[in-house]
Amino acid sequence: MYALIDGNNFYVSCERVFRPSLQGRPVIVLSNNDGCAIARSNEAKALGIRMGAPWHEIRHMEQSHGLVALSANFALYGDLSDRMMSLAAGLGPHQEIYSIDESFVDLTGVPGNLVERGRKIRERILQWVGIPCCIGIARTKTLAKLANHVAKTAERKPGSYPEHLAQICNLEALGSDELEDVFRRTQVQEVWGIGPRIGLQLINEGIQTVYDLVQIDGATVKRGWSVMLERTVRELKGMPCIELDHSPPPKQQIASTRSFGRTVTGFTDLEEAVTEFASRTAQKLRGQHSFCAQVMVFIRTSPFRKDPQYSRSIVVPLRRPTADSASITQGALQGLKAIFREGFNYAKAGVMLLDLQPDDQLQMELTLEDEEDSGRSRVRLMSALDAVNERYGRGTLTLGSAGVRGARRSWTMKQERRTPRYTTHVGEMLEVRA
DNA sequence: TCTGGGGTCCTAGGACCC
DNA sequence: TCTGGGGTCCTAGGACCC
């Protein structure tokens, strides 16, 4: 048995914790560069604002409907997520943190009424953190996701599902007639693992609801689509195929990419940006105790503009696997030189680290003694760099080619509506006056 | 004028091996 | 007219997730 617990409209709920006046109003959170909507309150959903809607297309609703749009404040969301997750872990013995707002909990062996237990945890998260959650409970992870969808939709749209399934939904507790009713009311595109493409194909084949989908036998699904969809169908039939990942394996690639606040044309701007992206990836790499053997760098123009288009990437092999910011940055800049072309309006760039391996399983090589010493001192230098940036904030210490804070850096992202980092930045804490 | 970022897994096809 | 069989590895592209 699994539970899936997630925060409702998570980013918006985080903003409302510190600004209760946003309750009951249509609120959205925008992506980096204030580009498009990535979280919507129920009221914003009711206005017909789609996930990913470009801000410039819906901006007029500020005036007409009192829409509130905020820039993404990931420092705040990450911190509230940690608090929510530690309380959600109380549901059962093992937890898998699946995303910033969702976790699966293995309920095997948990005694008593699971719905009651869920309700207590939900109340605690609401009271202690301030985030409203919904919980889905079922025999497989895919069904737990489905149950969670039912719990949320029943709460938000009365009449869509039986009322008693709102907020906390345990599919295992339903009779077969009621379960069939839930399956008939749920469209295939709502299923975890079925995206817009496959969803459309299924509908064209006359398979509209989860009920239709579970009528098909596995072999037909595999032949007509893929082993992935077959697995999903088996899970919907109650056969567990996806296990809980309670200690997620180290990442196989690490990326840092950004769209620019405005387009840039010069090599120097790209050099600064790529230096920063490379440094960030290197820091993440050290965080999971890995080395990388290859660095990928890409630059591209905006496909949304009518400008001449250019998009290229290149993979640069490193001389030896490393987690040193300078070596990784050097590789990335070397790649950038190779792919840069004059005369384009660049809108985005990024660095990805590939071919990752644990940093304690390095292939040894013959080195001169002083080189080995300098290798060790580089490791200490990187530890010191990370420690200083951890203590005093990201960007306190950077490589020279990253450019100087507050100087040009014309490429940095636009965030015109960000709320304070209430819980992670001393200078931005809430002040309460008597 | 203005359209996010960071991941995973699967598949098909080509190169290569014995 | 006729040209093996079985396997691995790599890459690019597609689909999906939040």
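Order of the sequence lines fixes the chain letters, A, B, ..., with proteins taken first and strands second; residue numbering starts at 1 for each chain.
- The CG atom of A:Leu229 sits 12 Å away from the C1' atom of C:dA15 (whole-angstrom rounding).
- Within the 3.5 Å criterion, the main-chain N or O of A:Ser383 finds no donor-acceptor partner in the side chain of A:Asp386.
- For the contact set between residues 188-207 of chain A and DNA chain C, defined by any heavy atom under 4.0 Å, the members are A:Val191, A:Trp192, A:Gly193, A:Ile194, A:Gly195, A:Pro196, A:Arg197, A:Ile198.
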Seminar exercise, completed: Symbol by symbol from the 5' end, with Watson-Crick or G-U pairs under 3.5 Å, [ ] crossing and | another strand, DNA chain C is ....||||||||||||||
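- One P atom belongs to B:dT3, the other to C:dC18, and the distance between them is 25 Å to the nearest Å.
- The pair A:Arg184-A:Glu180 counts as a salt bridge, with a side-chain nitrogen and a carboxylate oxygen less than 4.0 angstrom apart.
- Residue pairs that meet the side-chain hydrogen bond (donor to acceptor under 3.5 Å, both in side chains) test with at least one member in residues 44-61 of chain A, sequence neighbours left out, are A:Asn9-A:Lys45.
- In this entry the distance linking CD of A:Glu102 with C1' of B:dG6 reads 15 Å, nearest Å.
- Salt-bridge annotation for A:Arg280 and A:Glu276: present, with a side-chain N of the basic residue lying under 4.0 Å from a carboxylate O of the acidic one.
- The interatomic distance linking A:Gln415 (CD) with B:dG5 (P) rounds to 11 Å, in whole Å.
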Please produce a list of atom pairs where a protein N or O lies less than 3.5 Å from an N or O of nucleotides 1-4 of chain B.
| residue | atom | partner | partner atom | Å |
| --- | --- | --- | --- | --- |
| B:dC2 | OP1 | A:Arg305 | NH1 | 2.7 |
| B:dG4 | O4' | A:Ser31 | OG | 3.0 |

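- Toward the 5′ end of DNA chain B lies the nearest nucleotide of A:Ser256, the other residue of the pair A:Arg231 and A:Ser256 mapping further downstream.
- The ring pair (Phe, Tyr, Trp, His ring centres under 6.0 Å) contacts involving residues 11-40 of chain A comprise A:Tyr11-A:Phe74, A:Tyr11-A:Tyr77, A:Phe18-A:Tyr422, where partners must be two or more places apart or lie in separate chains.
- Aromatic ring pairs are classed by plane angle as parallel below 30°, tilted from 30° to 60° and perpendicular above 60°; the pair A:Trp192 and A:Phe104 is tilted.
- Atom-to-atom, CE of A:Met296 to P of C:dG13 comes out at 12 Å; the value is rounded to the nearest Å.
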Please list, pair by pair, any protein nitrogen or oxygen found under 3.5 Å from a nitrogen or oxygen in nucleotides 8-12 of chain C.
none

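- Between A:Lys145 and A:Glu235, no side-chain nitrogen of the basic residue sits less than 4.0 Å from a carboxylate oxygen of the acidic one, so the salt-bridge criterion is not met.
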For this session: Report the C-alpha separation of A:Arg417 and A:Glu62 in whole Å, then their side-chain angles, then the decisive distance to 0.1 Å, and conclude whether the salt bridge (charged side-chain N to carboxylate O under 4.0 Å, His left out) test is met.
Result: CA-CA 13 Å; A:Arg417 303 152 169 267; A:Glu62 269 184 309; 3.2 Å; yes
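- Residue contacts shown for A:Lys306 are absent, as no nucleic acid heavy atom lies under 4.0 Å away.
- We find that CD of A:Gln253 is positioned 18 Å from P of C:dC17, with the value rounded to whole Å.
- Rounded to an integer number of Å, the gap from CD1 of A:Ile242 to C1' of C:dC16 is 12 Å.
- Here C:dG14 presents its C1' atom at 12 Å from CE of A:Met228, a figure rounded to the nearest Å.
- Between the CD1 atom of A:Ile254 and the C1' atom of B:dG6 there is a distance of 11 Å, given to the nearest Å.
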